[in-house]
Amino acid sequence: MINLSRTVTEGAPLVAEIERRSGQRVSACLQCGRCTSTCVAAHAFDFPPHRLMHMLQIGLVQEVLASRTAQLCLDCMTCSMRCPMKIDVAGVIETAKAVADEAGLRDTERDLRLFRREFLRNVRRHGRLHETSMLLRYNFATRKLTNDISLVPLILRKRKVHLFPPKVKNLRQMRRIFREINGDARPAPEPETGAGE
Amino acid sequence: MRIGVFVCQCGTNIAATVATDRVVEAARAMLGVIHAESIQYTCSDPGQRAIIDAIQQKDLTRVVMAGCSPRMHETTFRRAVQRGGMNPFMLEMVNIREHCSWIHPDIDQGTLKAIDLVRKGVARVRRQAPLSGSTVPVTRAALVIGGGVAGIQAALDMADAGIPVTLVEKGPTIGGNMARLDKTFPTLDCSSCILTPRMVEVKNHDNIKLIVNAEVDQVRGHIGSFEVDIRRKATCVIEQKCTGCMICQEKCPSRAPDEFNAGMGESKAISIAFPQAVPLVAGLRKEHCRQFVKGRCGVCQKVCPADAIDYEQEDEIVSGAFGAVVVATGYDLYDWTGSYPTYGMGRYPDVITSMQYERLLSASGPTGGHVRRPSDGAEPQQVVFISCIGSRDESVGRPQCCSVGCMYTAKQAILTKEHIPDSQSYIFYIDIRAAGKGYDEFSRRAQTEFGALYIRGRVGKIYPRGGKLIVMGTDTLAGEQVEIEADLVVLATGLTAARGAGELARKLNISYDGYEFFTEGHPKLKPVETNTGGVFLAGACQGPKDIPATVAQASAAAAKVIGLLSRGELETSPVVAAVDRNRCVGCFKCRDVCPYGAVEQEQLPGGRAVAHVIDSLCQGCGLCNVACPPSTISLKGYTDNQLIAEVVEVLR
Ligand SMILES: Cc1cc2nc3c(=O)[nH]c(=O)nc-3n(C[C@H](O)[C@H](O)[C@H](O)COP(=O)(O)OP(=O)(O)OC[C@H]3O[C@@H](n4cnc5c(N)ncnc54)[C@H](O)[C@@H]3O)c2cc1C
Ligand code: SF4
Ligand code: SF4
């Protein structure tokens, strides 16, 4: 049983925060389900994207923040391109993710969040992914130092990883991109006009 | 006798289950048939041309047209044979579509039946005689029944075209339900602002005679010349004298329910419905008046400065002659209190109808436009709207969509937010039906701009708890039960036909459906006509509809009337009864059964009295044919001879 008078009132500030930061309006969602129909990761979610939108509409924002859906979204933005109401669904999910991170929510997918964090830090530092340091730091952060250790000889043999970080020509520009993204709202995706499924 | 038989294929409608060439073959062998052919689409221009050519080349004198129902195209083909030079009544339509091809899956059986039907038609047309109607003069005046926006629009359109119009309204003022609305979707323009000027126009129009507090008592006659008795009910106020000063209402000691405000607030036994009423005349309701209930009071008579009160006033019958009638009796709100026990059946004061809510929103309403809930006058914060009350609900015997509920609920949610900015509206809905121009955009705005929360699901139960109403529902999109602690619940009650619609329909001899909405002549092609010539429909009396659709239909009905009355005279149907004077025994059984008063007594020179049919009144119903003991009276074109011949041929 959901007490709507309560969820709507109590959820309002966080929903408004998500709406403001994503620049989207969850009330515009028709519940047509097209986002879910096109989502490639929905099978791994605890509820599909259109349901996430509806949960925000009725104020179930805590449930959204703590969900696998918010964490596992690939950010591929297919949903955003297909939404008939031009809602940037992925943007909403991504914002929910960020809000959850900041709130320090005890999320179900802690490792995933750490992976994402280390991944982004690594790219910012080196301009592009340096797998070795990334994995070391990730294992350190998750306190599972021996994680995937058995794979090391194999990937070394196949020359999939490099001991030293890659060289990127314009590291400054890369850093600027990061700065801008962190400062500004997400740019809206180009709508895929008239596209079929 | 030179009969032509035309068998229509109607594309594949007929040809799929009737072998039309075999029917043609069989027809050629029938007595009197000298021409038979099959045509793909006979109603098309080349199809009609083929009939005309055959008539002229082969000198046909009678035609059998085997195809669709005569209700569909009889007029079309009568005109065609007439253009070919024949009397239009020498055509016989044989229905091999609705009565044959559409209902028989088997081509052999279908074909055999079609041949039987054609043989029957040929037998009948062989005994047909040319007929011609007479003409009757048309009374150039129109009657409009019902003074809602539909009646107002139709009356003004016709009056502007120079037709004298009488507008009869049951209530004390015109305006109908629209006069009660606050603002109107989808543009949110104020209802009174657009309606009151039209009401005043009616009042002041030289060509309009307005009779309020009145209903149609009796209708006689037919298209072109109806005679109608209108009963003006006694209101104890002399209309010509009353100045609308409202002193009587102020001083009257007897309280009475406020009907205009849909029961919100209170009125007096003598009152004027609302300050913009047209005409602005008081009326007294005897059942609430102390003078009539207790036998003493007389306050209004004493205080009236215009000396307009007359307790002795009696009902008055006003008669008029009209060439056409527009029915615009509108709708009443579905009474939900009897059928939704789990919503409290009217026991909870804060569960109200949509129309009551309109009055709470309206600046001219009982709260002066401040939304206050009835129980304690508090401003509601959590407002729940429930759609489809008495609509789309088989369990209460009302399967139809009210067609305006989704839209007016969106409107009311928007207005709620405008009145109470920190309120939250919830709308329980099944589907959001917003098909009109700009409508979907409007209901989306209710959600995106005004924060109305749409919850898909029907409410199961409402019960009071600590000053709140607990609304137990479901959110089918979340797949969960939900509950809301509401301050006010507004029920989007459906539209029913106006009380007494069925009775009026019987007086006018027009059809109505199981819900007493009047039936249009054809769902697509005759949306304003009825099955009775000269009677037209406008507005919600024909089916639930919103104001734009109502006004469109009203103007359409007016155009039909203007067209009809612009003709000086009308040709009557020649299919009327006729008496064989020599054999009439003068029992006048026919006169007794005739519902149209079309049979009169005729004195023959020898002194013998026989029946005589007045052509212009006879509607060709045939009742007298059955009643007549010596079978002396018979319907032209449907003589006993013809009917028996048909039966014999079918049974052969
Ligand atoms: C709550 C609510 C809100 C609405 N809001 C909107 C809106 O925002 N926009 C919109 O487009 N539509 C709206 N509608 C619909 C609108 O009310 C109708 O479309 C419109 O009123 C129909 O007009 P009408 O003239 O056919 O009928 P009515 O307004 O019902 O008028 C019929 C008239 O005929 C009279 N009458 C009845 N029987 C007889 C009789 N036997 N003899 C003589 N007179 C008789 C009645 O007294 C009445 O005056 C709303 C409806 C409801 C219930
Ligand atoms: S595609 Fe857009 S409108 Fe449709 S359910 Fe997803 S978010 Fe809502
Ligand atoms: S058909 Fe007969 S019963 Fe009917 S109106 Fe004519 S005369 Fe009367």
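Reckoned from all heavy atoms, side chains included, excluding hydrogens, waters and symmetry mates. Residue numbering restarts at 1 for every chain, and letters A, B, ... go by the order of the sequence lines.
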Quiz item: L60(A) versus chain B, heavy atoms under 4.5 Å apart: side chain, backbone, both or neither?
Solution: neither
Exercise. With a 4.5 angstrom heavy-atom cut-off, could you sort out which part of T7(A) is near chain B: side chain, backbone, both or neither?
Key: neither
Practice problem: For Y138(A) and D148(A), test the side chains for any donor-to-acceptor distance below 3.5 angstrom and give the result as yes or no. | Solution: no
Self-check item: chain A contact via E485(B) - side chain, backbone, both or neither, heavy atoms under 4.5 Å
Solution: both
Exercise. Look at E17(A) together with R21(A) and state whether they make a salt bridge at an N to O cut-off of under 4.0 Å.
Key: yes
Self-check item: Side-chain ion pair, R68(A) and D46(A), N-O less than 4.0 Å
Solution: no
Quiz item: Side chain, backbone, both or neither: which part of V26(A) has an atom under 4.5 Å from a heavy atom of chain B?
Solution: neither
Self-check item: Which portion of I455(B) sits near chain A, non-hydrogen atoms under 4.5 angstrom
Solution: side chain
Self-check item: Pairs of heavy atoms under 4.5 Å with chain A: top-ranked of Q447(B), Q382(B), R444(B)
Solution: R444(B)
Exercise. Determine the interplanar angle of the H126(A) and H130(A) rings, folded into 0 to 90°, and report it as parallel if under 30°, tilted if 30 to 60°, perpendicular if over 60°.
Key: perpendicular
Quiz prompt | Interface moiety of L477(B) toward chain A, non-hydrogen atoms closer than 4.5 Å | solution = both
Practice problem: Anything under 30° is parallel, anything over 60° is perpendicular, the rest tilted; go ahead and classify F185(B) against F442(B). | Solution: tilted
Quiz item: So, D350(B) versus S375(B): side-chain donor-acceptor pair below 3.5 Å or not?
Solution: yes
Quiz prompt | Toward chain A, the part of E483(B) with a non-hydrogen atom under 4.5 Å | solution = both
